[in-house]
Amino acid sequence: MPELPEVETIRRQLEPRVVGAEIVDAGSHWSAKFTPAAGAVGAEIMAVRRRGKYLLFDLSGDEELIVHLGMTGRLAVRERTAEALEHPHLRAWWDLDSGGRLTFHDIRRFGRIHHVERGDHRGIPTLAALGPEPWDPAFTGRHLAAFVKRSDRYVKTLLLSQRPVAGIGNIYADEAFWIARINPATRRLGPQRAERLVEGIRTALDSGIKHGGTTLRDYVDSDGQAGANQHELHCYGRFGEPCDRCGTIMRRRVIDARSTTWCPSCQPR
DNA sequence: GTACGGCCCTGTTAGC
DNA sequence: TGCTAACAGGGCCGTA
């Protein structure tokens with residue numbers, strides 16, 4: 001499930017392969033989630049950027065192609081073959097004048113593609129309201145604490161909303177709470193705990209990027225390679241196992257429909 | 001404006 | 001062995 005580190009890994013791989021190329025042909029699955037892909041035909045790819053979990057392709061003519069990988073999305077540059085277009089999980093493709101083909105495979109179809117005037121994100125609510133990048137100086141403990149104070153929701157739920165900060169998904173949220181020694185079921189954050197959580201988020205995401213993303217089942221990068229960060233996880237999915245820090249058996253509960261793991265000793269209520 | 005439930009999806013796994 | 005149900009979950013949308 002691609003979160004910020006996985007999307008950034010893919011962005012870095014795609015950038016040298018597609019920037020400068022013109023899109024000469026394109027197609028997509030019939031779903032309206034993917035049909036905007038074809039709107040990019042005729043444009044040149046000027047840059048590949050990332051905001052949170054969204055990949056933004058700056059196109060010539062002030063256009064923008066936006067791809068969200070959802071749960072199982074994969075982007076890659078491959079050879080152009082007729083058979084490849086028959087793949088059952090292919091949701092969109094763009095043929096490049098360089099000879100290659102940018103492909104988007106997505107088993108569960110949770111991904112989405114948008115083609116807009118550059119910067120016009122009004123039709124993409126989460127992107128339009130996206131919080132700062134985790135390393136943005138604007139993302140501080142004070143900022144996070146103020147956000148939490150305005151709501152009665154679980155802090156974890158707020159993080160997953162992408163509004164206080166961009167790019168956090170379930171895996172890195174659990175890791176960040178563990179690193180910060182904060183119970184994920186809290187609804188309140190004082191200044192010190194908020195500061196710790198900010199640092200926990202950055203530490204968890206830095207690890208993810210450094211190790212090329214986390215592969216639990218589906219995720220592979222644009223070279224088809226699995227990430228290695230799953231070997232670095234201390235918390236996510238480790239319920240029933242001893243805590244790496246104190247040996248207490250990790251627990252699991254569901255918070256707002258998201259499976260959540262924590263250490264009852266290191267992360268007390 | 002905010003909260004929340006339902007929905008989209010399909011491969012995998014557990015249970016019978 | 002084969003079938004069914006549960007589960008995974010990010011983001012959007014409608015309703016309260």
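A note on names: the letters A, B, ... follow the listed sequences, proteins ahead of strands, and every chain is numbered from 1.
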- Message: Below the 4.0 Å mark, does dA3(B) have OP1 or OP2 next to a side-chain nitrogen or oxygen of Tyr154(A)?
- Response: no

- Within the pair Gln162(A) and dG11(C), is there a side-chain N or O less than 4.0 Å away from OP1 or OP2? yes

- Message: So Asp152(A), base contact, sugar-phosphate only, or nothing? Heavy-atom distance under 4.0 Å.
- Response: sugar-phosphate

- Task: Could you tell me whether the phosphate oxygens of dG11(B), OP1 or OP2, come under 4.0 Å of any side-chain nitrogen or oxygen in His89(A)?
- Result: yes

- To the nearest angstrom, how far is His29(A) atom NE2 from dT10(B) atom C1'? 12 Å

- Which is true for Tyr54(A) with a 4.0 Å heavy-atom rule: it touches a base, it touches only sugar-phosphate, or it touches nothing? sugar-phosphate

- Rounded off to whole Å, could you give me the CG-to-P distance for the Asp256(A) and dA3(B) pair? 10 Å

- Query: Taking CG from Leu130(A) and C1' from dG11(C), how many angstroms apart are they, rounded to a whole number?
  - Reply: 12 Å

- Arg252(A) vs dA8(C): side-chain N/O to OP1/OP2 distance below 4.0 Å: yes

- If you group Ile, Leu, Val, Met, Phe, Trp and Tyr by side-chain heavy-atom gaps below 4.5 Å, do Leu233(A) and Ile168(A) land in one group? yes

- May I ask you to say what Glu3(A) touches in the nucleic acid, namely base, sugar-phosphate or nothing, with a heavy-atom cut-off under 4.0 Å? nothing

- Message: Would Arg150(A) and Phe147(A) count as a cation-pi pair here, with the cationic atom under 6.0 angstrom from the ring centre and within 45° of the axis?
- Response: yes

- Which is it for Arg50(A) and Glu133(A) under the salt bridge (Lys or Arg N to Asp or Glu O under 4.0 Å) test, yes or no, and what are the steps along the way? CA-CA 10 Å; Arg50(A) 180 193 55 73; Glu133(A) 290 291 310; 2.8 Å; yes

- Query: Between Lys53(A) and dG11(C), does any side-chain N or O lie under 4.0 Å from OP1 or OP2?
  - Reply: yes

- Message: If I take atom CG in residue Asp174(A) and atom P in nucleotide dG9(C), what distance separates them, rounded to the nearest angstrom?
- Response: 9 Å

- Message: Taking 4.0 Å as the cut-off, does a side-chain nitrogen or oxygen of Arg91(A) come that near to OP1 or OP2 on dC9(B)?
- Response: no

- Whole-Å distance, Arg153(A) CZ to dA3(B) C1', equals 6 Å

- Protein-nucleotide distance (Arg112(A), atom CZ; dC9(B), atom P), rounded to Å: 9 Å

- Item | Presence of donor-acceptor pair under 3.5 Å, side chain of Arg258(A) and base of dG10(C) | yes

- Over-ring placement of Arg91(A) relative to Phe104(A), 6.0 Å and 45° cut-offs: no

- Value in whole Å for how far the P atom of dC4(B) lies from CZ of Arg187(A): 7 Å

- Task: Ignoring backbone atoms, test whether Arg108(A) places a side-chain nitrogen or oxygen under 4.0 Å from the OP1 or OP2 oxygen of dG9(C).
- Result: no

- Message: Tell me if the CZ atom of Arg142(A) is crowded by more than 12 foreign heavy atoms within 6.0 Å.
- Response: no

- Face-to-face contact Phe110(A) to dG11(C) six-ring, under 5.5 Å, under 30°: no

- Query: To the nearest 0.5 Å, how far apart are CZ in Arg258(A) and CG in Asp174(A)?
  - Reply: 11.5 Å

- Query: Just checking Ser151(A): base, sugar-phosphate only, or nothing, at a heavy-atom cut-off of under 4.0 Å?
  - Reply: sugar-phosphate

- Message: Just the rounded figure in Å: distance from P of dG9(C) to CG of Leu69(A).
- Response: 17 Å

